[in-house]
Protein chains: 2
Amino acid sequence: MATTQQRTTVQGGAVRSVLVQSAGFSSAQDIHAALRRQGKPVGLSTVYRHLQSLVEQGVADVIQSPDGEATYRYCGETTSAHHHHLVCRKCGHTEEVTAPAIERWAAQIASKFDFSDVDHTVEIFGTCAPCRKGSAQSAAKS
Amino acid sequence: MATTQQRTTVQGGAVRSVLVQSAGFSSAQDIHAALRRQGKPVGLSTVYRHLQSLVEQGVADVIQSPDGEATYRYCGETTSAHHHHLVCRKCGHTEEVTAPAIERWAAQIASKFDFSDVDHTVEIFGTCAPCRKGSAQSAAKS
DNA sequence: CTGGTTAGTGGGAGTGATTGTCGTTAGCGT
DNA sequence: ACGCTAACGACAATCACTCCCACTAACCAG
Ligand SMILES: [Mn+2]
Ligand SMILES: [Mn+2]
Ligand SMILES: [Zn+2]
Ligand SMILES: [Zn+2]
């Protein structure tokens with residue numbers, strides 16, 4: 001009897017691969033374009049499908065860019081523990097950070113106001129050193 | 001000679017008014033609908049325009065809802081100091097919180113990785129006590 | 001008060017990301 | 001190989017949000 005119910009497809013691998021190799025956060029459209037550029041075009045719908053799936057699996061995380069576009073970033077299984085990001089708003093370079101203190105604080109605040117099923121988002125934006133010096137944009141998207 | 005360059009209009013007041021009276025975060029569309037319901041319809045473009053303006057003035061803040069819709073919330077001038085939110089994901093009820101510790105932490109992380117022009121977003125989501133008990137949604141939107 | 005200047009308005013078209021549809025492909029267990 | 005059906009992908013459809021631009025109404029000088 002079946003057990004898989006989860007077929008492995010080339011497209012799935014391709015999408016994941018592009019995401020893994022990208023430096024910062026990239027949009028579905030970026031990834032779709034990258035795939036096409038690499039000569040292995042994948043349908044846009046498929047890109048979205050895999051991206052969602054990766055997010056559900058906790059392999060990637062999404063954040064809504066300030067202009068409302070969803071951007072995805074790979075979070076290695078090694079790094080997959082709960083964490084936050086320090087993102088350069090120019091080049092997208094991202095540093096992953098953890099802060100037990102913050103987690104503790106969030107939980108404390110939540111209980112203080114009697115909220116349950118707590119969750120939170122913490123993102124820090126800034127300009128990284130390289131971008132600050134020369135406006136010499138380093139490598140943007142892959 | 002002119003000095004104003006900022007006319008006071010009924011529409012502007014109406015938009016602001018609706019925003020002020022709303023409990024949690026509401027989308028531009030919500031506000032547009034509320035105004036129509038109140039019998040003082042305001043063009044959608046105008047609603048967006050005022051909302052942006054309020055944000056620039058720091059009178060309101062925006063956060064991108066998980067499904068990518070921009071939602072706005074009034075931040076009284078009294079409360080206008082930098083702060084964060086604890087939002088009920090069911091009824092939208094929001095508590096404003098401040099946390100010097102977090103601010104300090106953010107600054108520290110930023111300098112550690114040599115990032116400048118730092119800014120950050122911290123939002124906590126959960127289910128408030130009322131919503132947790134009865135699934136008796138309290139007052140949703142205005 | 002009144003006319004002129006022009007910020008502000010709003011209906012409608014345009015944009016662009018994301019989702020839905022559904023006939024066609026291609027994993028994979030048998 | 002074979003068949004069942006998950007996964008594709010081209011294209012249509014949504015939908016929040018922005019543009020455009022003729023029109024309205026603040027507001028200031030006279
Ligand atoms: Mn991450
Ligand atoms: Mn606030
Ligand atoms: Zn940078
Ligand atoms: Zn609630």
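In what follows, chains are A, B, ... by sequence order, proteins preceding strands, each numbered from 1.
Among residues two or more places apart in sequence or in another chain, the salt bridge (charged side-chain N to carboxylate O under 4.0 Å, His left out) test is passed with B/D114 by A/R132. Every residue two or more places apart in sequence or in another chain that forms a side chain to side chain donor-acceptor pair (under 3.5 Å) with A/S65 is listed here: A/D67.
A/H120 and A/H82 have perpendicular rings, their planes meeting at more than 60° on a 0 to 90° scale where under 30° would count as parallel. Using a 30° and 60° split on the angle between ring planes, B/H85 and B/F25 fall in the perpendicular class, above 60°.
For A/Y48, a side-chain nitrogen or oxygen approaches OP1 or OP2 of C/dT18 to under 4.0 Å.
Atom-to-atom, CG of A/D67 to C1' of D/dC17 comes out at 11 Å; the value is rounded to the nearest Å. Between A/K40 atom NZ and D/dC8 atom P the separation is 14 Å, expressed in whole Å. Atoms CG (A/L51) and P (D/dC8) sit 12 Å apart, rounded to a whole Å. To the nearest angstrom, P of C/dT18 lies 11 Å from CD of B/Q64.
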What string of B, S and - do you get for nucleotides 7-16 of chain C, 5' to 3', if B is base contact, S is sugar-phosphate-only contact and - is no contact with any protein heavy atom under 4.0 Å?
BSBBBB----
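Follow the hydrophobic side-chain contacts under 4.5 Å out from A/V87 and you never reach A/I102; the two are in separate clusters.
Of the N and O atoms on the side chains of A/Y48 and A/Q29, at least one donor lies less than 3.5 Å from an acceptor on the other residue.
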